[in-house]
Amino acid sequence: MMYEFARIEKKWQDVWEARGTYAAKDGGNKPKYYVLIEFPYPSGEGLHVGHPRPYTAMDIVARKRRMQGYNVLFPMGFDAFGLPTENYAIKNKIHPADVTQKNISRFTRQLKMLGYSFDWARAVDTTDPDYYRWTQWIFLRMFEKGLAYKASIPVNWCTSCKCVLANEEVVGGVCERCGSEVVRREKSQWMLKITDYAQRLLDDLDGLDYIERVKAQQRNWIGRSTGAEVVFATTAGDELRVFTTRPDTLFGATYMVVAPEHELIKERADTLANGAQVRDYCESASKKSDFERTELAHEKTGVRLDGLDAVNPATGGRIPIFISDYVLATYGTGAIMAVPGHDGRDWEFAKKFGLPIVEVVSGGDVEKEAYTDCDSGVMVNSGFLNGLSVEAAKVSITKWLAEKGLGEYKVNYKLRDWVFSRQRYWGEPIPIVHCEACGYVAIPESELPVVLPKVENYETTDTGESPLASMEDWVNTTCPKCGGHARRETDTMPQWAGSSWYFLRYADPHNADALASDAALRRWTPVDWYNGGMEHTTLHLLYSRFWHKFLYDLGVVPTPEPYLKRTSHGFILAEDGQKMSKSRGNVINPSDTIAEFGADTLRLYIMFIGDFEKTAQWSARAVKGCKRFLDRVWNLAEERLDGDPDIYSPAHEKAVHRAIKKIGADIETMKFNTAIATLMALVNDFYETPPSRGDIRALATLLSPFAPHIAEELWEIQGFEGLACEQVWPDYDEAKTLDDDVEIAVQVGGKLKSAVSMPRGSGEDAVLAAALADGKIARLAEGKTVARVIYVKDKLINLIIRDTA
RNA sequence: GCCGGUGUGAUGAAAUCGGUAGACAUAGUGGACUCAAAAUCCACCGGUGGCAACACCGUGCCGGUUCGAGUCCGGCCACCGGCACCA
């Protein structure tokens, strides 16, 4: 009989669905285990081969945990708000909600074809009003606590999406999504104060089992640095505050620089001798895109503020103030003290503008380049700091500043608040109205959800307003506070809103009274193991940690962190080594592979392709190898064998015990490729010596997390009890993994020369005797002295041989 | 520049602790089966020299530690990912 994968796969998918095999059970006393993968954005293109890599990996983990006796929650859902759907809808004149429904059903169908053990009854859809009601609810709690606020700030404006972007969405100066130019625009935006949580987001990483590169990237992104805030007085009586990580170099501050957006300019421009020139500079800086300002503008430019100087609080000397775009308005105070002797950028600027460079840390040559080392070097030209180390000087000057009321110890972060408004239609409405009398007012909880109205025209406008703004009947409303006239907020939330808490909803997906019940959250959260893409490390992963901490502070969730363990998969490249894309025509559709070889083959191949964490290249030829393996498995067991299903054959007992050990360990460390290699090697053994019924039982059990359909079919053919996927994960006996006789390598002078077979556990004397009895070794040792013997039990013996003196 | 990672056959890759480098697979070569092909099964498969036994070389490069280094240490080089005028 042929291995009819299409029939078999459909058959078992139907059985599992009918029996509710993979439902997470809210009762019972098994320990829980929550396995999570990032839910997909249901794009119009359907499933891509990139999707099954993380899904199959975590399906294997979920299946193994069930076999290990856990009550497993392994859910799936759809992150369905977002621009591609909206753009597709505009182009094809279909409502985004209809597009979304169509895409979700296609994704669901494709995912079911892969035989994943999701609990489909818990599926969530972020665009469902019953879902986004709670997204809005969380936003309102943040608004109450002052964490959601409106501010007019320079934002990143994507010229193609006609929409603002979060800092995290701007990559290399262009829009992360469409690659178009991003420019600065001053706009009033809803913001979320993620910066209030910066320190906790940083500190709590220490206790988490995240892969190191994820932790490192989040730490970098949060960007904590310590130093001091120092107050400089200006000759006009202003206080000019700066942040510095090197307060020790204060005596070397020979000028100051403020960002073009700094308040001081607005206040003082009129009083300056060169006010017009300063304003021109500001204007041209504001017109530059982020790209021009950061990537191209390494040549320093700037203008001195004529007639306004500052006083260095340490030296008492007058120093000039400049305006330059190398100082960022959004970091620190938007102003710096410039120490050209010990900062590369300040040094460059000082050289260009002919400003004095003072050495305050000895050890370099400040005329040649800035000396930035702070580990070695001694303070000079620095009054009371002279002779101190840099570290001691930092402490001393900070104390001095605090005593004089001129400054204090200060921590700064690169992390900025999260720009939370989008001028688009297909997102969650922000549940706020603006009342002329009361200002911004929250929609009462009883009126949630604020449902996204059906509009005729959801195209974007160049004015930077959401398509909702033109819906007069919807926009005009009454103020919940005073009953007067009010206008609804017409911006919507970014795509990252719904995904910031979706894993909580899986615990209790149909709850109408809360985002999830307290009991359900206590039962299922936190997530035990979360796998997702590296591209979400500073977006979704950081955002959802922030939301979760906020919910923890409110007492809504029981733990301060949402995910205990985080792993990440590599991308799948096309066969030509390029990224898969429609335009290149090199996209592999999983459905085609399933049709040709079956879901089990695809699952196996995508896991066998290479190191799970690394980028891998698709190979159609290698897919066939996995199909060949399953054919070989099929041939072994397609007819019912006789014999005891619980006893391994003497010929294979050792190999089976080893396979159980190896495969179990490999799943835990995500070395799926070597786990599959172990299965292949076991089957190769079975071709050399026919397996018993018990051996086949072990094979089907071990294979079942990887290739669940064929495992189930063989299970049935062999007449074993129950389902393969419901078996207990087998134990191995360490003693039975070991050989009675071992091959011991014999080295002479560290070089492999021979090998001897010895009983396991043999002592050095016996092995040495056997080694010397070996013809080749005897020849090498003839007439010489064995000066030293290194023996590694059961592995190797190394003889150091010298000429007899 | 900073942070993280990688470098091994023709190819994808293996190698818990420093202990027989190349498991498993793809491609290839030879054979069996077949009228033939495909499929399947069996064997070989890092390089050089040799009829062979065997010898020498071999994990990006240079050096070190060690009886012994793909693995540890120091110094380079190349590539990939992230951040970047962050004071």
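A note on names: the letters A, B, ... follow the listed sequences, proteins ahead of strands, and every chain is numbered from 1.
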Under 3.5 Å, which protein N or O atoms sit close to an N or O of nucleotides 38-46 of chain B? Give each pair with its distance.
unit_1	atom_1	unit_2	atom_2	d
B:rU40	OP1	A:Arg628	NE	3.4
B:rC41	OP1	A:Arg632	NH1	2.5

Note to self: Nearest to the A:Thr674 side chain among B:rA87, B:rA21, B:rA23, which nucleotide is it?
What the structure shows: B:rA23
Scan nucleotides 65-67 of chain B against the protein and return all N/O pairs shorter than 3.5 Å with their distances rounded to 0.1 Å.
unit_1	atom_1	unit_2	atom_2	d
B:rC67	OP1	A:Arg788	NH1	3.2
B:rC67	O2	A:Asn798	ND2	2.2

Item checked: RNA chain B: stems of at least 3 consecutive Watson-Crick or G-U pairs whose donor-acceptor distances fall under 3.5 Å -> B:1-7 with B:77-83, B:10-12 with B:24-26, B:28-32 with B:40-44, B:46-49 with B:54-57, B:60-64 with B:72-76
Checklist line | Distance, rounded to the nearest Å, where A:Asp666 contributes CG and B:rA15 contributes C1' | finding: 12 Å
Check: Should A:Asp765 and A:Tyr791 be marked as a side-chain hydrogen bond (donor to acceptor under 3.5 Å, both in side chains) after you check the CA-CA gap, both sets of side-chain angles, and the distance that decides it?
Finding: CA-CA 10 Å; A:Asp765 294 346; A:Tyr791 176 57; over 6 Å; no
Item checked: d(CG, A:Leu752; P, B:rA69) in whole Å -> 13 Å
Notebook entry, point to check: Does a salt bridge link A:Glu782 with A:Arg779, judged by any charged N lying under 4.0 Å from a carboxylate O?
Noted result: no
Checklist line | Euclidean distance for C1', B:rG64 against B:rG18 (whole angstrom) | finding: 15 Å
Note to self: Please check this pair: side chain of A:Arg241 against backbone of A:Gly332, looking for a donor-acceptor N/O pair closer than 3.5 Å.
What the structure shows: no
Check: Is the shortest distance from a Lys or Arg side-chain nitrogen in A:Arg621 or A:Glu575 to a carboxylate oxygen in the other one below 4.0 Å?
Finding: no
Next item on the list: For A:Phe672, enumerate each residue passing the ring pair (Phe, Tyr, Trp, His ring centres under 6.0 Å) test, keeping only those at least two apart in sequence or located in another chain.
Entry: A:Phe612
Distance-only criterion, 3.5 Å: show the donor-acceptor pairs between side-chain atoms of residues 674-686 of chain A and protein atoms not counting sequence neighbours.
unit_1	atom_1	unit_2	atom_2	d
A:Thr674	OG1	A:Asp666	OD2	2.8
A:Thr674	OG1	A:Lys671	O	3.0
A:Thr678	OG1	A:Thr674	O	2.8
A:Asn684	OD1	A:Arg632	NH2	2.8

Could you list all N or O pairs between the protein and nucleotides 71-74 of chain B that sit under 3.5 Å apart?
none

Margin query: Within 90° of 0 counts as syn, otherwise anti: where does B:rG49 fall?
Written below: anti
Tabulate protein N/O versus nucleotide N/O from nucleotides 8-10 of chain B, keeping only pairs under 3.5 Å, one per line.
none

Notebook entry, point to check: Could you give the OH-to-P distance, from A:Tyr210 to B:rG5, as a whole number of Å?
Noted result: 18 Å
Note to self: Test of understanding: with ring pair (Phe, Tyr, Trp, His ring centres under 6.0 Å), list the residues that count as partners of A:His657, not counting sequence neighbours.
What the structure shows: A:Tyr648
Notebook entry, point to check: To the nearest angstrom, how far is A:Tyr326 atom OH from B:rA87 atom C1'?
Noted result: 8 Å
Would you tabulate the pairs of protein nitrogen or oxygen atoms and nucleotide nitrogen or oxygen atoms of nucleotides 52-56 of chain B closer than 3.5 angstrom?
unit_1	atom_1	unit_2	atom_2	d
B:rA55	OP1	A:Lys776	NZ	3.3
B:rA55	OP2	A:Lys776	NZ	3.3

For residues 531-539 of chain A, tabulate all N or O donor-acceptor pairs below 3.5 Å that involve a side-chain atom, not counting sequence neighbours.
unit_1	atom_1	unit_2	atom_2	d
A:Asn531	OD1	A:Thr567	OG1	2.8
A:Asn531	OD1	A:Ser568	N	3.3
A:Asn531	ND2	A:His569	ND1	3.0
A:His536	ND1	A:Glu38	OE1	2.8
A:His536	ND1	A:Glu38	OE2	3.3
A:Thr537	OG1	A:Met534	O	2.8

Check: Mind checking what makes ring pair (Phe, Tyr, Trp, His ring centres under 6.0 Å) contact with A:Phe353, not counting sequence neighbours?
Finding: A:Phe322, A:Phe349
Next item on the list: Rounded off to whole Å, could you give me the CZ-to-C1' distance for the A:Phe706 and B:rA25 pair?
Entry: 15 Å
Note to self: Measuring to OP1 and OP2 of B:rA87, would you say a side-chain N or O of A:Ser225 lies under 4.0 angstrom away?
What the structure shows: yes
Notebook entry, point to check: Applying salt bridge (Lys or Arg N to Asp or Glu O under 4.0 Å), which residue pairs with at least one partner in residues 744-764 of chain A are found, sequence neighbours left out?
Noted result: none
